[in-house]
Amino acid sequence: MASQYYQEMQESFKNNNKSREFPAHTAKVHSVAWSCDGRRLASGSFDKTASVFVLEKDRLVKENNYRGHGDSVDQLCWHPTNPDLFVTASGDKTIRIWDVRTTKCIATVNTKGENINICWSPDGQTIAVGNKDDVVTFIDAKTHRSKAEEMFKFEVNEISWNNDNDMFFLTNGNGCINILSYPELKPIQSINAHPSNCICIKFDPTGKYFATGSADALVSLWDVEELVCVRCFSRLDWPVRTLSFSHDGKMLASASEDHFIDIAEVETGDKLWEVQCDSPTFTVAWHPKRPLLAYACDDKEGKYDNNREAGTVKLFGLPNDS
């Protein structure tokens with residue numbers, strides 16, 4: 001028997017399964033993220049810039065383009081509780097903090113290497129950034145100074161605090177999830193999660209689960225308290241690049257080089273919907289209040305016959321009649 005939630009969401013997506021695309025950049029988009037209040041969406045691109053859109057009813061209206069980085073913007077994220085601040089990580093060996101009210105860069109922090117992943121602590125006090133040399137730097141979000149630096153002996157893929165802010169998680173190239181205490185950064189546990197490269201990690205908003213995506217094309221769901229795997233989602237055929245939990249924690253979107261985004265019901269693993277794509281997907285992000293999914297694909301296939309395709313941000317979950 002399908003759950004009531006399942007039936008409600010099926011009904012909802014039957015009427016709201018339109019995707020729309022919005023020009024954002026001049027090259028492929030690596031990362032999309034919503035502000036905590038859901039009013040704005042930011043995107044980071046290979047074109048060295050970040051863009052910010054305002055969500056108006058059923059469309060994204062471009063507000064600003066943020067320039068300053070000297071290399072690709074690989075990942076970005078918003079302050080967990082302040083909807084005006086976001087931070088970008090770039091291959092130019094800096095991170096930049098931006099304020100949408102002044103549209104200015106309020107801080108540029110120099111780091112040791114080419115940055116590929118970034119996250120903001122749930123208490124808003126610290127920004128962690130990882131580089132290509134597997135060094136993670138912890139930066140004080142107020143003073144913009146480095147508080148700690150950890151070098152790892154394994155390939156670090158994605159990093160995240162747990163919702164309680166007292167543990168720090170890393171996914172690595174050996175298929176493990178490494179867990180450190182925070183702020184002490186002492187190793188607590190290493191979980192053999194996947195037989196191959198463990199790529200991405202996300203915590204659900206309720207704090208009950210986290211999910212990891214791997215090169216073995218599996219998404220695994222973990223109980224935060226017990227640190228055991230609760231279930232696996234196996235509908236994708238390619239390495240899982242990106243994950244996002246819906247605002248209520250009940251849906252999980254996952255994407256890869258497959259030409260669709262899988263939307264699963266967390267509690268059962270059942271497929272709620274799939275979003276068709278023309279190319280591999282780099283990044284997905286559920287809106288913090290509504291069943292709207294922002295995503296970006298590798299649009300280069302359309303480059304020669306259709307320039308408009310390069311660097312678009314897409315939104316799924318819009319009313320069919322919009």
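Keep in mind that the numbers below use all heavy atoms, side chains included, and drop hydrogens, waters and symmetry copies.
- Under the 4.5 Å side-chain criterion, counting only non-hydrogen atoms from C-beta, W273 is not in contact with P291.
- A 4.5 Å side-chain heavy-atom check between N64 and V100 finds every atom pair outside the cut-off.
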Original post:
Which is it for D216 and S196 under the side-chain contact (heavy atoms from CB on, under 4.5 Å) test, yes or no, and what are the steps along the way?
Top reply: CA-CA 6 Å; D216 60 15; S196 56; 3.5 Å; yes

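- Other residues, nucleotides and ligands place more than 12 heavy atoms under 6.0 Å from the CD atom of Q276.
- Contacts of S181 classified as side-chain contact (heavy atoms from CB on, under 4.5 Å), with partners at least two apart in sequence or in another chain: E184, K186, I188.
- Environment of NZ in K18: crowded, with over 12 heavy atoms of neighbouring residues, nucleotides or ligands closer than 6.0 Å.
- Residue T171 is tested with C198, C200, S214 for a side-chain contact (heavy atoms from CB on, under 4.5 Å); the sole match is C198.
- One N or O on the side chain of K289 and one on the backbone of D37 form a donor-acceptor pair closer than 3.5 Å.
- Annotation for R101: atom CZ counts as buried by contact number, over 12 foreign heavy atoms lying within 6.0 Å.
- For CD of E225, the number of neighbouring non-hydrogen atoms (other residues, nucleotides, ligands) closer than 6.0 Å is 12 at most.
- Salt bridge E267/K208: present, at least one basic N to carboxylate O contact under 4.0 Å.
- In this structure a side-chain-to-backbone donor-acceptor pair under 3.5 Å is present from S45 to A27.
- Taking the side chain as every heavy atom from C-beta outward, Y6 and E11 never approach each other to under 4.5 Å.
- Inter-residue side-chain proximity for F203 and F169 is flagged as met; some heavy-atom pair is nearer than 4.5 Å.
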Original post:
What's the verdict on side-chain contact (heavy atoms from CB on, under 4.5 Å) for R20 and R59, showing C-alpha distance, side-chain angles and the deciding distance?
Top reply: CA-CA 8 Å; R20 196 179 274 174; R59 60 195 189 111; 3.9 Å; yes

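- Using a 4.5 Å heavy-atom cutoff, the side chains of Q75 and E158 are in contact.
- Salt-bridge formation is not detected for the pair R235/E274: no Lys NZ or Arg NE/NH1/NH2 atom is positioned less than 4.0 Å from an Asp or Glu carboxylate oxygen.
- Side chains of L243 and V240 form a contact here, defined as non-hydrogen atoms less than 4.5 Å apart.
- Put simply, the side chain of S31 gets close to the backbone of L76: a donor and an acceptor are under 3.5 Å apart.
- Contacts classified as ring-ring contact (aromatic ring centres under 6.0 Å, His included) and involving residues 37-68 (residues at least two apart or in different chains) are given here: Y66-F86, Y66-W98.
- Ring planes of F138 and Y182: tilted class, angle from 30 to 60°.
- Put simply, the side chain of I177 reaches to within 4.5 Å of the side chain of F210, judged on heavy atoms.
- Around NZ of K93, the count of heavy atoms belonging to other residues, nucleotides or ligands within 6.0 Å does not exceed 12.
- Using a cutoff of 4.0 Å between basic side-chain nitrogens and carboxylate oxygens, K142 and D140 are not scored as salt-bridged.
- Taking the side chain as every heavy atom from C-beta outward, I263 and V275 approach each other to under 4.5 Å.
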